[in-house]
Each structure stands twice: as C-alpha cells, then as structure tokens.
Amino acid sequence: MRAVGLFWLSLRIGAMNALQYRADFFIQLAQSTIGLGTALAGVAIVFGQTDELGGWRRDELVALIGVFVMVGGLVGVVIRPSMERLMEGVRLGTLDFTLTKPVDAQLLVSVRQVDIWRLMDVALGAAILVFAIAQLGGRVGLAAAAAFAVMLLAGLAIVYSFLLVLATLAFWLVRIENILVIFASMYEAGRWPVGIYPAWLRVALTLLVPVAFAVTIPVESLIGRLEPTTLAGTILLAACFLVVSRWFWRLGLSRYTGASA
Amino acid sequence: MSGRAPGSLMEIYRSKFRSEIAVQFAYRGALAIWLLGLLLEPVIYLVVWTTVAASQGGAVGGFTAGEFAAYFAILMVVNQLTFTWHFHEMEWRIRQGFFSPLLLRPVHPVHNDIAENLTFKLLTFTAVVPAAIVLLVAFRASLQPSLVDVLAFIPALALAMVLRFLVEWTLALAAFWLTKVSAINQAYYVLMLFLSGQVAPLALLPPIVQTLASLLPFRWMVAFPVETLQGRLSPSEILTGIGAQIVWIMLAWGLLQVGWRAGVKRYSAVGA
C-alpha cells in the first residue's frame, strides 16, 4: 500500500514538473507516434513478402508490437528515470537525503523519478494491443487474458530487478551512467519474437538481458501458445529475481559512504 | 573555407586526431556499449529476413539467405563509416553555450567535427570489420563481387561518407532556431531507417518508397555502396549513382553555407 502511495506522490510531482514545459507534450506525442509507426511499418514490410514469420501471423505480431511499446513505456515512465537518479545520487552523494527518510530505501529509490510523458507510449501500446486482440477475435479467452496479466507483471518484475542490479553496480563502479543503455539496445530485439533468433542470441535475450520475459512470453500467453510449465517457471523466476536483486541492493548499499565529508 | 595554407590545416587535423584518440580511450566502456548496439541492429533484421527467405522456399525479392547475410554485413560497415552524431552534439552545444570557444578559433567549426568523426571511425573500424567477417561466416554469406564492383565501391563509399556528413551537419544547424531538435532528429532517423535500406534492401520495399529513396539523398548515403559491392548494379547504374551523390553533395554544401551564416547570426551564448 505504501508503495502505491509513494508512486502516486511521485507521479503528481512528476506531472507538476512536466506541466511547466507543455511543448514537451507535443514533442513526446510526435516521438511516440513515430516510434509506433516505425514498428508497424516494419511488420507491414515483412508481411508484404510472407504470411508468417517463425510461426507468427500478422495479427499476433501486431499484438507483440503493442506489448513492446507498452512495456517500453512502463519502463520509461518510472523504472528507468528512477534508476538514473539513483546512480546520480550515488555519484554525487545526494542519496544521503533518501536514506534518511523513514521508508524502505529500495522502495523510495525505485519510484522517485517519473517521466509522465512516456505514459503516451503506454496508452498507444495498449490501444494497438486492444486492436490486435479484436482482430484475433475469439482466440483470446478469459483464461488467456488472466495468464497474460500475470505474465506481464512477472515480466515487469524481472526487468525491474535486472535494472536495479545494473544500477546498484554504481556503488562499486561509480561512473557508469551508460550501463542502462545495454538494456535499451537489447530491448530493440524484443520487437520481434525471440524464437526467430539463433540459439546464442536467444539465450542472451532470455538469461543475460531478460527481454524475452518482458515481451515475447506475455504475448505467447495471450495467444495461448505458452506451456503451463513455462508459465509456472516464469512466476518462479520473477520471485527469484526480486529476492536476488533486493539482496544485491542491500549489499551495495552497505558499501555506500556518501560522496562528501 | 578559410584562406589558410593547406599545411596549417593539416597540422590542426593532426593535433585534433591525437587529442580525440585520447578522449575516446578514456571512455572505453561507453565505446563497448555503443558497439553492442551497432552490431545488434543488423543482426536483428538479418535474422528476420533469413527467416522470411526460409519460409518462402529459400529466396525473397531476389535475395537468398546468403545474400541477405552479405547485404547486412556490408551494411553494418557502411553504416559505421557514414553515421554522424551531430544532431545531439549541436543541440547541446548551442543550448549550453559551448559553441563559443569553437567560434573563437580561427578555423571553421566543421573542421573540428570532421576530424572528430574520422578519428572515431578509424578507432571503431578496427572492431567493426572483424564483426562483419564473423557475420559473413556465421550466416554463410554469398558474396562474389567482380573487380569493377570492388573498384566502384571505393568512390561510392567515400562519397556516401561526405554526403551523409554534410546532410546531417546541415540539418543539425536547425538547433540554432529550435530549442529541441529531438523530434526532427527522430523523424529523420526513421526516414533514414526505411529509405536508406537499413530495415530491408530497398528492392523489397513498395515501388513508391523505392522511387522516393532514389529521388531524395537517402539511398545514396547508405544503400548504394552496399548494392554496388554486392554486384547488383550495372555499370551505367553505378555511374548514375555516383552522379546523384555528387549533385546532392553540391546541394548540401550550398545549404550548409547558407544555414551556417544565418545560424551564427542568431547564436547568443547563455551565461556570463
């Protein structure tokens, strides 16, 4: 409950900050639309030449694009900006002020910075997803929708944990602002189903950088292609990721000495 | 641009090379991460198109899986040699007032950027070529260029480098008039993605898009050298392409001069 309250507070502060610069709304609208248009145009070009890509049909890939844009937006709204602020705090010593607050520090650093304009990606991605589900018609039942919601949450938990671990490395390495770019560039591979990639890249996208869990697996559950064992395994993995990242965060925090004095 | 003796300009370039190499080595980590992104993108599209080719009985749009591999491996090298980052840099310089020291120097700031660009490419070239060879081998590329193709590839590539640099440097001057160029930058990037042949070889795109790519400078900045080395173009097509490159270079050069003169007049440094 506390987490939701804190997130809501950051969201309001973020909104107030962002609304000072209203032209940014149109810039982000242009960028989000261009981004989505690019992804859909890519699908259109590929399906101009074929009827299926690695067992995926056009409507299924449109659903994948929807989830890709939506998850990218969710990461961009709160996880990524908060992690960037955390790394900056470690470098400059401003994390001191966070640690003195009477709430769990991990919770606070995880929701503290919000980029509300990226909600546009969440909305656009969701709209495309709804459109794709309508095209898929009766194939998406209630069970599939529930499995999708669970897999989406598990995927987000895994991505969050992964980024928290990357950002926590700042306690040892200090100057690594660029490290989050690793996720951003690997995430680009997620706009296509990971199943089409060669084995080495598939492994990298599943285990090294968990892009598969963020996009492909939720969509597979939506179109009823996911094995129940994978579903259970993903939930288990998400729990492991959360536990391990919390442990790693604590380990990193114990090394924090502040930058001044 | 300035009336200096060529010798002294060479000296300026040489010292800029030395300092740039030192700067780039200081940011090894950032360099490695950048390389990861550079390698991943062609691999993604290569995999997508080989999958399509396999499902269509081995070839699509005149490309076999092996030819796709050759296309995207060469594309990676051409892209690495032609790309620039002046959109970000120019906006940052102008907004933060960092243009002032560059303007005080007795040479045109474009020389600073050309030297920076060439040094960075020389450095990263040593990583991109082995990566391209790995791609060629791992995806069993088929590539048999004739001697003419190889010889034509060299001027085509050099002109593509010049053209893309001039076009992107000129567009980046928009930062003198707009405080945020990110939306323009992204729109340009998307046009580049499709019209310069990075998502797919242009032959696979709808005819209207192909025409657009040839009329605008996009095809001549990236796709043309790749098609040349793959041996997909007849000698007359190669000559036409080189002609188009030269015409666009002259146009972009003129625009750069005009835009630069008008832009500098608007520039006012922020701060003390």
Side-chain angles (χ1 to χ4, degrees), chain A residues 21 23-39 41-56 61 166 169 173 175-198 200-202 204-205 208-209 211, chain B residues 26-41 43-57 59-63 134-135 138-139 178-195 197-207 209:
Chain A
Y21 309 100
D24 283 1
F25 170 83
F26 294 100
I27 292 174
Q28 183 65 50
L29 183 66
Q31 290 192 336
S32 297
T33 318
I34 292 172
L36 185 65
T38 310
V43 171
I45 289 173
V46 168
F47 282 88
Q49 308 286 347
T50 183
D51 297 327
E52 53 101 33
L53 180 73
W56 290 65
L61 255 168
L166 282 189
L169 286 173
L173 304 169
R175 288 214 61 140
I176 47 162
E177 301 98 308
N178 268 314
I179 203 163
L180 296 185
V181 178
I182 294 180
F183 180 77
S185 28
M186 294 293 275
Y187 188 68
E188 283 301 305
R191 62 172 77 228
W192 305 99
V194 292
I196 68 168
Y197 293 115
W200 58 272
L201 191 56
R202 206 161 51 225
L205 290 171
L208 236 49
V209 181
V211 174
Chain B
Y27 295 99
R28 288 173 299 251
L31 212 59
I33 291 170
W34 174 81
L35 270 173
L36 177 77
L38 181 88
L39 297 180
L40 197 62
E41 199 174 284
V43 171
I44 292 174
Y45 289 114
L46 169 56
V47 168
V48 168
W49 286 110
T50 36
T51 312
V52 174
S55 75
Q56 298 297 303
V60 59
F63 279 81
V134 169
L135 267 191
F139 287 90
L178 305 163
T179 41
K180 279 214 171 173
V181 291
S182 51
I184 299 187
N185 182 4
Q186 205 198 0
Y188 171 80
Y189 172 79
V190 168
L191 285 177
M192 197 70 195
L193 208 60
F194 289 101
L195 297 183
Q198 308 202 29
V199 167
L202 289 173
L204 294 174
L205 300 184
V209 181

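Sequence lines set the chain letters: A, B, ... in the order given, protein chains first and strands last, and positions in each chain run from 1.
To the nearest 0.5 Å, the span separating CG on B:Leu193 from CD1 on A:Ile34 amounts to 12.0 Å. In this structure, CD1 on A:Ile196 lies 11.0 Å from CH2 on B:Trp49, to the nearest 0.5 angstrom. The distance from atom OG1 of A:Thr38 to atom CD of B:Gln186, rounded to the nearest 0.5 Å, is 6.5 Å.
Proximity to chain B is absent for every atom of A:Ala184, based on heavy atoms less than 4.5 angstrom apart. For B:Ile44, the parts sitting under 4.5 Å from any heavy atom of chain A are the backbone and the side chain alike. Interface remark: B:Tyr189 contributes no atoms to any contact with chain A (heavy atom separation under 4.5 Å). If you measure heavy-atom distances from B:Leu46 to chain A, you find no contacts under 4.5 Å at all.
When all heavy atoms of B:Thr51 and A:Gly54 are compared, the pair lying nearest together is CG2-N, 3.7 Å. Here the closest non-hydrogen pair linking A:Ala41 and B:Phe194 is CB-CZ, 3.6 Å.
The salt bridge (charged side-chain N to carboxylate O under 4.0 Å, His left out) search around A:Glu52 returns none, not counting sequence neighbours.
Contact of the B:Val47 side chain with the A:Pro198 side chain is registered, since non-hydrogen atoms from C-beta on lie closer than 4.5 Å.
Between chain A and the options B:Leu204, B:Ile184, B:Leu205, B:Val199, the largest number of non-hydrogen pairs under 4.5 Å is found for B:Leu204. Of all the listed residues (A:Leu201, A:Val46, A:Val181, A:Asp51), the one sharing the greatest number of non-hydrogen pairs under 4.5 Å with chain B is A:Val46. Of the listed residues (B:Leu40, B:Val43, B:Val209), the greatest number of heavy-atom pairs within a distance under 4.5 Å of chain A belongs to B:Leu40.
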